[in-house]
Asks: 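The structure under discussion is supplied below as structure tokens; questions concerning it will follow.
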4 protein chains.
Amino acid sequence: MVISLELDSDTPLYEQLRNQIVIGIATGQLAPEEKLPTVRQLAEELGINTMTVNKTYSLLKQEGYIVIDRRHGAKVSPQLQNHAEPAPELEGQLQLIIAQATIQGIDESKFQKLCAQIFSTMTYQHP
Amino acid sequence: MVISLELDSDTPLYEQLRNQIVIGIATGQLAPEEKLPTVRQLAEELGINTMTVNKTYSLLKQEGYIVIDRRHGAKVSPQLQNHAEPAPELEGQLQLIIAQATIQGIDESKFQKLCAQIFSTMTYQHP
Amino acid sequence: MVISLELDSDTPLYEQLRNQIVIGIATGQLAPEEKLPTVRQLAEELGINTMTVNKTYSLLKQEGYIVIDRRHGAKVSPQLQNHAEPAPELEGQLQLIIAQATIQGIDESKFQKLCAQIFSTMTYQHP
Amino acid sequence: MVISLELDSDTPLYEQLRNQIVIGIATGQLAPEEKLPTVRQLAEELGINTMTVNKTYSLLKQEGYIVIDRRHGAKVSPQLQNHAEPAPELEGQLQLIIAQATIQGIDESKFQKLCAQIFSTMTYQHP
DNA sequence: GTGGTCTAGACCACT
DNA sequence: GTGGTCTAGACCACG
């Protein structure tokens with residue numbers, strides 16, 4: 001899985017990393033139970049500090065995306081929470097995006113097509 | 001138009017304010033050419049620093065949402081840019097949201113319904 | 001409020017600090033809305049690194065004990081969650097303590113007395 | 001006696017194991033003088049490293065819960081220390097739990113009931 | 001002046 | 001060899 005960080009972005013490195021891993025899980029590039037690189041490996045590979053990767057892993061763990069096993073390091077959670085309703089913050093973020101899209105002149109049908117296209121790349125399946 | 005800020009949020013105040021104004025424009029609570037409060041008025045009304053409101057207005061101006069006329073203050077842009085394609089950052093944000101929704105177990109049809117519902121509140125029309 | 005850290009304890013510094021602040025809140029040494037020392041102040045006062053204090057504050061924030069306002073720093077949450085039922089982990093910890101007490105020869109009445117004595121020092125009131 | 005470990009818990013395996021054995025003794029699932037499985041047996045049964053079980057047994061021995069006889073392996077101590085007063089660390093742990101309970105809105109009477117309920121499962125008797 | 005992020009490098013606990 | 005903790009010191013974003 002390819003990860004690219006923008007060093008001069010407003011988004012903190014640990015958050016960029018977190019986002020890319022979340023997308024990796026949703027798109028199936030990271031399968032449930034799949035082992036993630038060690039903190040040191042990933043830090044070296046990306047040219048960043050181990051503490052930054054560490055923070056990312058802690059965050060992902062806290063959010064339930066990954067599980068950390070003292071014996072073998074970090075791996076994708078075997079089964080992720082299945083909610084019937086979208087988390088409220090997700091709804092707020094979506095509202096903001098749709099507002100911006102509307103103003104940019106993207107109408108509902110274009111937007112839905114874009115969503116469909118993105119959804120087609122998501123292969124994550126709940127057990 | 002009602003604006004509510006969370007002082008203890010992770011999102012900076014100027015960004016919360018910017019987001020709410022953008023949503024206000026898209027939902028028609030702020031019409032094109034409509035005059036915005038002065039920096040001082042808004043700052044006092046919200047109980048925050050004028051610098052913060054200033055920063056918001058600068059950002060909105062730079063993004064093209066508002067125009068600033070030294071004589072008459074700030075007003076919503078008379079004509080907002082109409083793009084055929086969604087801005088690339090918007091697409092990235094949407095991908096992240098959809099990834100998270102997928103993992104939370106929100107499937108495409110549920111998501112589409114949520115989008116439709118949000119779209120129905122957006123009344124902004126391009127001239 | 002007096003805080004004392006054991007540098008050679010098994011419990012990490014940031015956790016010792018977190019525990020003492022939690023106890024401070026429960027015993028009323030820290031009132032709701034009360035301002036906590038700044039990260040730098042507390043770090044210097046305790047002779048530890050700012051990042052350690054930072055981690056403590058992040059943890060307390062995540063657990064809902066404190067709120068961080070960009071304008072004025074950290075303060076005790078104005079109103080803490082009121083649960084009817086004890087959190088399950090709390091129950092597990094209590095079971096372990098009672099098991100150890102039982103083996104040490106502390107019987108139920110002694111234990112209840114001890115609890116009562118500790119409870120009498122807790123002055124936190126839900127609004 | 002059933003022992004279940006969470007491989008991905010924050011609590012180290014050897015400590016989880018130690019805790020469960022202590023609870024086992026207090027609840028009478030392990031009687032005084034009862035023989036414990038050998039290090040190898042237990043390690044294999046739980047699918048963990050023998051070093052880990054070893055560490056648990058050493059700890060339990062050091063704390064006085066078990067005695068280790070090279071010829072016959074480990075067994076529960078025939079006579080556990082009977083203290084009039086609770087160990088001070090136990091008191092500190094209890095204070096922390098009560099502080100958290102208070103903040104969560106569990107009042108003294110609810111807490112006492114919970115204690116009583118847990119005590120009713122403890123059958124250990126001093127000789 | 002506040003907290004938040006990041007680095008480089010060290011040491012420790014767990015398995 | 002894994003993640004977790006801690007330090008000293010730096011820089012940044014926010015208000």
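Both backbone and side-chain heavy atoms feed into the values below; hydrogens, waters and symmetry mates do not. Everything numeric here is computed off the predicted structure, so don't read it as measured data. Within every chain, numbering begins at 1; the chains are lettered A, B, ... in the order of the sequence lines, protein sequences first and strands thereafter.
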Asks: Which one, F/dG3, E/dG4, F/dT7, comes nearest to the side chain of C/M51?
Replies: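 Output: F/dT7.
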
Asks: Quickly, which of A/Q93, A/Q20, A/R18 forms a side-chain contact (heavy atoms from CB on, under 4.5 Å) with B/L96? Name it, please.
Replies: A/R18

Asks: F/dG15, E/dT7, E/dT5: which one has an atom nearest the side-chain heavy atoms of C/R71?
Replies: F/dG15

Asks: So C/D10, base contact, sugar-phosphate only, or nothing? Heavy-atom distance under 4.0 Å.
Replies: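 Nothing, no nucleic acid heavy atom in range.
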
Asks: I'd like to know if A/R40 reaches the base of F/dG1 with its side chain, counting only an N/O donor and acceptor under 3.5 Å.
Replies: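 Absent.
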
Asks: Applying the side-chain contact (heavy atoms from CB on, under 4.5 Å) criterion to D/V67, which one of D/K61, D/K75, D/H72 satisfies it?
Replies: D/K75

Asks: The side chain of B/P12 lies closest to which of these nucleotides: E/dA8, F/dG15, F/dG3?
Replies: F/dG15

Asks: Base, sugar-phosphate alone, or nothing: which one does B/I48 contact when heavy atoms must sit under 4.0 Å apart?
Replies: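 B/I48: no heavy atom of the nucleic acid under 4.0 Å.
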
Asks: CZ of B/R18 versus C1' of F/dA13: gap in Å, rounded?
Replies: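 Interatomic distance, CZ of B/R18 to C1' of F/dA13: 17 Å.
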
Asks: For B/Y14 and for C/Y14, locate the closest nucleotide of DNA chain F by heavy-atom distance; then report the residue assigned to the nucleotide nearer the 5' terminus.
Replies: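 Whichever sits nearer the 5' end wins; that is C/Y14.
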
Asks: Quick one: on DNA chain F, does A/Q41 or B/N49 contact a more 5' nucleotide (nearest heavy atom)?
Replies: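 Checking each residue's closest nucleotide, the 5'-ward one belongs to A/Q41.
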
Asks: For DNA chain E, whose closest nucleotide is more 5', that of A/L7 or that of C/K61?
Replies: C/K61

Asks: Starting at CG of A/L59 and ending at P of E/dC6, how long is that distance when rounded to a whole Å?
Replies: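 It is 12 Å, rounded to the nearest whole Å.
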
Asks: Among the nucleotides F/dC14, F/dT7, E/dG3, which one has an atom lying closest to any side-chain atom of C/T38?
Replies: E/dG3

Asks: Now, which nucleotide makes the Watson-Crick or G-U wobble pair with F/dC14, with each of the two distances under 3.5 Å?
Replies: E/dG1

Asks: Looking at E/dT5, F/dT5, E/dT15, which one has an atom nearest to any side-chain atom of D/T52?
Replies: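 Comparing E/dT5, F/dT5, E/dT15 against the side chain of D/T52, the answer is E/dT15.
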
Asks: Taking the minimum atom-to-atom distance to the side chain of C/R70, which one of E/dG3, F/dC14, F/dG3 wins?
Replies: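 In terms of side-chain proximity for C/R70, the closest of E/dG3, F/dC14, F/dG3 is F/dC14.
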
Asks: For a side-chain contact (heavy atoms from CB on, under 4.5 Å) with C/V39, tell me which candidate from C/N49, C/T56, C/T50 qualifies.
Replies: C/T50

